[in-house]
Amino acid sequence: MQVCLSTSMNSFPKHAHSLLSNFNSPLELKQAHALLIKTNSPLSLLPAYRVASVCALSPDFSYAHKLLTQFPEPQIDVWNSCLKAFAESDSPSDAILLFSRLREFDLLPNGFTCAFVLKACTALLDDKSGRIIHGFIEKLGFKWNLVLQNMILNFYGLCGEMGTAWLVFDSMPERDVVSWNVMITHLIKSGDFEGAYGLFSRMPERNVRSWTMMISGCVHCGKPKKGVELFMEMEKMGVKANEVTVVAVLAACADLGALDLGRRVHEYSKRCGFGRNVRVSNTLIDMYVKCGCLEEARKVFDEMEERTVVSWSAMIQGLAMHGQAPDALRVFSMMIEMGVEPNGVTFIGLLHACSHMGLIDEGRRFFSGMTRDYGIIPEIEHYGCMVDLLSRAGLLQEAHEFIMNMPIRPNGVVWGALLGGCKVHKHVELAEEATRHLAQLDPLNDGYYVVLSNIYAEAERWEDVARVRKLMKNRGVKKTPGYSSIMVDGVIHEFVAGDDAHSQANEIFGMWDQLLAHMKLRGYVPNTSVVLLDMDEKEKEKFLYRHSEKLALCFGLISTQPGVVIRIMKNLRVCEDCHAAFKLISTIVNREIVVRDRNRFHCFKDGACSCQDYW
DNA sequence: TTAGGGTTAG
């Protein structure tokens, strides 16, 4: 053997040594292999671990496989290295293929073997092979291995087999924090929030991951308030938040519009040096956007050293939500100039921007350009944006034709967008058609019945209004009550229409009376047409003056210092009368009023709104 | 060898 090697060293003095021990690529390995064959040297001259790992880098599985099966004195460790590499490669199924040949070589799998094959099964979501490995692990007595058990739990969770995951979890002789965390994460993903929270409450010990998972789980399950509460509890217990925790709690702040906490977390994040983390910055952009602070979002965006397509898309979407379509389009141009490839979400933001500002031609161009120039196939969301764009602009027939010609089946949102346009442009027939589809697609969504009933009310078709109400009652659909909230000194105050339950109700009503007097001097006429109830004018006015957003605004005015920006959140859309009133009030009190409604922002300043009355 | 994170139409 030594002779052969020295012969080869003499023939290829410079490359031989390096080739035989330092190969790092499949090509170099093939050259080294060829050298051994040429010099009649044994394969064992190649270091086994290196063979295994480089084999797995090769797209040529059969070559790797051949080399491994020819290897003298097969060792399970060498196979394991190869299995690991294949499990982590682009074709994890090769790991399973390799595993199936172990028996031919009289090799007994050990715990690592199972771990790597299980990893491959997990990557492939191959529950058949996974079950075989699970059986294997039990048969071979690796049950004591907690890591393997946790991997099995994770595997069943990923395959969506929570029943089996519970069986494994319940039968585990001991569990560590990972076992609990794995169960919680999959319960959240399967939509069982209560189950996940139940486990979280019962955990014997929690680490920062447990807290983070639960906070982000709250956000994903639509419980951002609970997420914020958990974050506070976590802080109280002295658990230090990391980048991932910061992302989770910022997402909760974004959903809640909790600017104070969002700012505090931003400061904390800077102190901890998380500022360079792209995901943290992306979430900060979104948080500031959704808390109505476009300038601060822009500042975070501008200061980023590295931006991904998500950063650009979040900024475009933010500008769209704030009615800054020209800026959104400029940011898109910058993105393209910098060579960042847009994705489907980028175009949702762009179409959203166009739709909210009535930029019909630009919207049409983006819609056709996304496939032509960037190869992105429009999805249902893009069609939804287009229907919204056309319907808002009053092109209702075109929107209808667009829906009829869609290559994918329109969903409730698409017909809902047409219905919204019918409300603005008072088109009863098309509204009825849209509602017929919506009754099939989304029969329990109260919003659509309410819009149709409002369309009839505006046309003074009270019998039809009554008919829709009856339909809602028969189907058990209830109207979501509208409410507005405002945060003062860290406390959220919520108001519903006609609310007199607030401890300062009298001062709130007094403030409204003062404002009303000023507004009337400036030509305000209450727009009672938005009160869609069959009652007399005076009653309607009284009703109008107690809208939840007006109450929240008056409370904001009596409880904050002059000049401070007032931020209000509303769960539904702002009504037309409140919109007109807020424009006037912004001049009377010389304040900026930011209202976040169901799907966009209205920034009232000096008698105008950032939406330019197009919403 | 095991668990957590960002933008998404009305």
Side-chain angles (χ1 to χ4, degrees), chain A residues 80 83-84 87-88 110-119 122 142 145-155 157-158 176-186 188-189 207-217 219-220 242-251 254 274 277-287 289-290 308-318 320 342-349 351-352 355-356 378-389 391-392 411-421 438 442 445 447-448 451 573 598-600:
Chain A
N80 283 349
L83 284 171
K84 176 177 189 282
E88 291 168 356
N110 61 20
F112 285 100
T113 321
C114 295
F116 300 139
V117 183
L118 199 52
K119 196 167 192 173
T122 307
F142 294 135
N145 188 330
L146 200 46
V147 172
L148 274 179
Q149 290 286 298
N150 289 341
M151 285 180 82
I152 287 172
L153 272 186
N154 188 39
F155 167 75
L158 279 170
D176 63 3
V177 67
V178 179
S179 327
W180 290 83
N181 285 354
V182 169
M183 282 306 281
I184 290 171
T185 186
H186 290 299
I188 290 169
K189 279 183 194 151
N207 61 13
V208 65
R209 277 198 187 208
S210 324
W211 287 97
T212 306
M213 266 178 350
M214 207 57 234
I215 294 168
S216 99
V219 180
H220 288 130
N242 62 23
E243 278 122 313
V244 188
T245 325
V246 162
V247 166
V249 73
L250 284 174
F274 300 162
N277 182 313
V278 184
R279 290 185 187 210
V280 169
S281 300
N282 291 345
T283 320
L284 275 169
I285 294 173
D286 189 51
M287 184 275 291
V289 161
K290 292 192 178 141
T308 63
V309 62
V310 177
S311 329
W312 291 93
S313 304
M315 198 63 241
I316 290 171
Q317 171 66 17
N343 64 15
V345 183
T346 320
F347 281 94
I348 292 174
L351 294 173
H352 193 187
S355 159
H356 282 294
E379 292 180 57
I380 194 80
E381 290 87 350
H382 301 98
Y383 287 98
C385 287
M386 280 308 285
V387 173
D388 184 50
L389 173 83
S391 330
R392 271 178 207 273
N411 63 8
V413 180
V414 171
W415 285 108
L418 179 68
L419 181 66
L438 288 164
D442 200 358
N445 190 323
Y448 302 136
V451 174
R573 310 216 50 186
R598 201 188 154 90
N599 49 19
R600 62 160 302 145

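Below, all heavy atoms of this structure are taken into account, side chains as well, without hydrogens, waters or symmetry copies. Residue numbers start from 1 in every chain, and the chains themselves are labelled A, B, ... in the order their sequence lines are given, proteins ahead of strands. This one's a predicted model, so the numbers in the text were calculated from it and none came from an experiment.
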query: Between A/S179 and A/D176, do the side chains contain an N or O donor and an N or O acceptor separated by less than 3.5 Å?
result: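 Yes - a donor-acceptor pair under 3.5 Å links their side chains.
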Shortest side-chain distance from [X], nucleotide among [options]:
X      : options              : result
A/A417 : B/dT2, B/dG10, B/dG4 : B/dG10
A/Q317 : B/dA3, B/dT1, B/dT7  : B/dT7
A/V345 : B/dT8, B/dG10, B/dG4 : B/dT8
A/N207 : B/dG4, B/dT7, B/dA3  : B/dA3

- request: Quick one: label A/V278 by what it contacts on the DNA or RNA (base, sugar-phosphate, nothing), any heavy atom closer than 4.0 Å.
  value: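 Base contact - A/V278 has a heavy atom under 4.0 Å of at least one base atom.
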Counting just side-chain N and O atoms, does [X] come under 4.0 Å of either OP1 or OP2 of [N]?
X      : N      : result
A/N181 : B/dG4  : no
A/H356 : B/dG10 : yes
A/Q149 : B/dT1  : no
A/H352 : B/dG10 : yes
A/K290 : B/dT8  : yes

field: ring pair (Phe, Tyr, Trp, His ring centres under 6.0 Å) partners of A/H186, counting only residues at least two apart
entry: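 Listed in chain order: nothing, the list is empty.
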message: In whole Å, I'd like the distance from the CG atom of A/D388 to the C1' atom of B/dT8.
response: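 About 14 Å, once rounded to whole Å.
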task: Enter the distance from A/H356:NE2 to A/L351:CG here, rounded to the nearest 0.5 Å.
output: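 Here the interatomic distance stands at 11.0 Å.
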